Q: 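Structure in structure tokens, see below.
This is a predicted model, so every value here is computed, not measured.
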Amino acid sequence: MGCDGGTIPKRHELVKGPKKVEKVDKNAELVARWFYCTLSQERLTKPIVACELGRLYNKDAVIEFLLDKSPDKPHADSAAHIKGIKSIIELNLSDNPAWTGRKGNTKGDTYDDQCAQFICPVVGLEMNGKHRFCVLRKCGCVFSERALKEIKTDVCHKCGASFQETDLILLNGDKEEVEELRKKMEERRLKAKSEKKGKKTKAVESVSRSDQGEESPGSSQKEKEDTNIPRDKIHFVSSAKTQDSHSSSSDAATKSSTSFCSKRPASSSERKSEAYKSIFTSHSSAKRSKDQSSNWITHTAYYF
């Protein structure tokens, strides 16, 4: 079969060996990491944020992901560790004066050296993936690793904020470095949870102490005295107290009613009834005293 017309086949055409592993272009990988968002795969534009694992994102893409965490979205696994806005850091970047933007090579007929948009403010190295860069977790300032090694200080070179070595996060590190950053992230989150629980317990204890302090000392002394009284006498004392209270309340009620009746002024209706009663001889005003009454009484009509 084959070899018609005097063709001579070679060995590699007849014998098929194992396929060669396709190697990823390093330059293309660096461009994808340092120039494009990890979540939306769009070009990085300000405001740019970084997660606790050192990956770069557009802030708008992260906010959209937090609002809708559906697993159907592409590249959702790369941001699964982002729980909220507090778990990302907004980067304080220094612009590169040599960057001309996207208008430098509009025709596409010249070689594009991938000039970086940002640089290190101390050494001046471009942030294009060829050099290692770190971000400070507290202030968000970005510096090259060479600048931090050459100038060893505990103060930020750009904003002056203090930091420690644990606050440094390496941007776009290797797999081993990403695993180390993941362990540190989990430790920080566990520590924050324990601190929140401690604050809650302290707040509850302070509230209970304040409630106990508001109680009067007299009430506590009365409670102690009541506990010292035997149980046989408690019922008798309580009944006597209740009888005294009932008698005192009834006396007070009668006194108040009598005083009210004596002090109450006469109304107009009562005055009218008194005037009507005074017409009759049975009323007290019609009765005569002994001095006013005569000694003799006649029944004859001639007397008048």
Side-chain angles (χ1 to χ4, degrees), residues 22-68 73-82 85 87-137 139-149 156-159 168-182 185:
E22 295 181 359
K23 294 182 179 180
V24 181
D25 188 5
K26 292 184 178 180
N27 292 328
E29 187 178 0
L30 291 176
V31 169
R33 284 186 179 183
W34 292 90
F35 290 88
Y36 292 88
C37 174
T38 308
L39 186 60
S40 63
Q41 298 298 315
E42 295 178 357
R43 196 169 184 89
L44 289 172
T45 55
K46 286 186 178 181
I48 301 171
V49 296
C51 65
E52 294 177 329
L53 302 182
R55 296 168 183 167
L56 301 177
Y57 306 88
N58 285 327
K59 193 173 182 179
D60 298 338
V62 175
I63 292 171
E64 290 177 0
F65 170 75
L66 293 173
L67 293 173
D68 184 14
K73 285 187 174 182
H75 308 286
D77 298 334
S78 61
H81 59 282
I82 299 175
I85 296 178
S87 57
I88 58 175
I89 307 159
E90 188 169 353
L91 302 183
N92 186 7
L93 298 166
S94 300
D95 295 330
N96 186 6
W99 187 67
T100 58
R102 300 180 188 178
K103 298 179 181 179
N105 186 13
T106 55
K107 295 181 180 180
D109 55 352
T110 58
Y111 175 72
D112 191 0
D113 196 15
Q114 293 293 338
C115 180
Q117 185 180 356
F118 309 106
I119 60 172
C120 174
V122 179
V123 184
L125 296 175
E126 291 185 355
M127 189 175 165
N128 55 6
K130 296 179 181 179
H131 309 281
R132 293 161 66 90
F133 276 75
C134 299
V135 60
L136 302 181
R137 192 166 55 87
C139 59
C141 297
V142 180
F143 301 97
S144 63
E145 192 177 25
R146 185 188 299 180
L148 295 173
K149 286 181 179 179
C156 177
H157 300 293
K158 194 171 183 180
C159 63
L168 293 173
I169 296 175
L170 183 66
L171 297 176
N172 290 327
D174 300 332
K175 291 182 179 180
E176 296 178 356
E177 294 169 345
V178 170
E179 288 179 359
E180 291 179 0
L181 291 173
R182 191 183 295 276
M185 177 184 68

Q: Report yes if some heavy atom in the side chain of Leu91 is under 4.5 Å from a heavy atom in the side chain of Phe118; otherwise report no.
A: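 They are not in side-chain contact.
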Q: Taking C-beta and beyond as the side chain, do Leu56 and Arg33 meet within less than 4.5 Å on heavy atoms?
A: no
Q: By salt bridge (charged side-chain N to carboxylate O under 4.0 Å, His left out), which residues pair with Asp60, not counting sequence neighbours?
A: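 Listed in chain order: nothing, the list is empty.
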Q: Surrounding CZ of Arg146 (heavy atoms of other residues, nucleotides or ligands, distance under 6.0 Å), is the total greater than 12?
A: no
Q: Are Met127 and Leu171 close enough, and set up right, to give a side chain to side chain contact (heavy atoms under 4.5 Å, CB included), and what steps lead you there?
A: CA-CA 10 Å; Met127 189 175 165; Leu171 297 176; 3.9 Å; yes
Q: Any carboxylate oxygen within less than 4.0 angstrom of a Lys/Arg side-chain nitrogen, looking at Arg132 and Glu177?
A: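 Result for this pair is yes, salt bridge flagged.
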Q: Any side-chain heavy atom of Ile119 within less than 4.5 Å of one from Trp99?
A: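 A side-chain contact under 4.5 Å is absent here.
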Q: I'd like to know whether Trp34 forms a side chain to side chain contact (heavy atoms under 4.5 Å, CB included) with Phe133, so could you lay out the CA-CA distance, the side-chain angles of the two residues, the decisive distance to 0.1 Å, and finally the verdict.
A: CA-CA 11 Å; Trp34 292 90; Phe133 276 75; 4.2 Å; yes
Q: Mind checking whether Asp68 and Lys73 have side chains closer than 4.5 Å, heavy atoms only?
A: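 Yes, their side chains come closer than 4.5 Å.
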Q: Is the shortest heavy-atom distance from the side chain of Pro121 to the side chain of Phe143 under 4.5 Å?
A: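 Pro121 reaches Phe143 side chain to side chain.
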Q: Would you call Lys158 and Cys139 a side-chain contact if the rule is heavy atoms closer than 4.5 Å?
A: no
Q: Do the side chains of Leu30 and Phe35 get nearer than 4.5 Å, heavy atoms only?
A: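 No - every pair of side-chain heavy atoms lies 4.5 Å or more apart.
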Q: Within a strict 4.5 Å, meaning less than it, do heavy atoms of the Leu136 and Leu168 side chains meet?
A: yes
Q: Test side chain to side chain contact (heavy atoms under 4.5 Å, CB included) on His75 and Thr38 and set out the steps.
A: CA-CA 8 Å; His75 308 286; Thr38 308; over 6 Å; no
Q: What is the distance from atom CD1 of Ile169 to atom CD of Glu52, rounded to the nearest 0.5 Å?
A: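 Spacing of CD1 (Ile169) from CD (Glu52) equals 6.0 Å.
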